[in-house]
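Predicted model, so just to flag it, every value in this text is computed and none were measured.
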Amino acid sequence: MWNPFRKVEVTEKVYKKFIDTGKVHNSIIRMIAFKLMKDEELNWRELVIFYGKTGEVNEMIRKLTKYKK
């Protein structure tokens, strides 16, 4: 069952899927964007995804900051 309050994290399974396919769920992109906006350090798995999906993460930050105004 889907739980909207579960912690979003880059698990080994998520990381391996990204390495194999280059795909990652939008919730991971959003989580990385929030961490960057809060000036939190990314772990190595998050960094790998950020480097591969920099454009998508930056676009998410633009969307999130648009809603803050």
statement: Sorted by chain and residue number, the salt bridge (charged side-chain N to carboxylate O under 4.0 Å, His left out) partners of E40 (sequence neighbours excluded) come out as K38
query: Are I28 and F18 side-chain neighbours, meaning at least one heavy-atom pair lies under 4.5 Å?
result: no
message: Quick one: does any side-chain atom of K53 pair with a main-chain N or O of G22 as donor and acceptor, under 3.5 Å?
response: yes
- prompt: Closest heavy-atom contact between L64 and A33?
  reply: CD1-CB, 4.1 Å
message: For the NZ atom of K16 and the NZ atom of K13, what is their distance to the nearest 0.5 Å?
response: 11.5 Å
message: To the nearest 0.5 Å, what is the distance between CE on M37 and CE on M60?
response: 10.5 Å
Value rounded to 0.5 Å, distance of CG in N58 from CD1 in I32: 11.5 Å
- prompt: If you round to the nearest 0.5 Å, how far is NZ of K35 from CZ of R30?
  reply: 15.5 Å
field: salt bridge (charged side-chain N to carboxylate O under 4.0 Å, His left out) assessment of R45 paired with E12
entry: CA-CA 9 Å; R45 289 179 185 162; E12 186 68 23; 2.4 Å; yes
- line: Taken to the nearest 0.5 Å, the spacing of L42 CG from I49 CD1 works out to 10.0 Å
message: Taking the side chain as everything from C-beta on, heavy atoms only, tell me whether V10 gets closer than 4.5 Å to V24.
response: no
- request: May I ask you to check whether W44 and Y15 place their ring centers less than 6.0 Å from one another?
  value: yes
statement: Between the NZ atom in K63 and the CD1 atom in I29, the distance rounded to the nearest 0.5 Å is 10.5 Å
- request: Check E41 against E46 and note the closest heavy-atom contact, atom names and distance.
  value: O-OE1, 4.3 Å
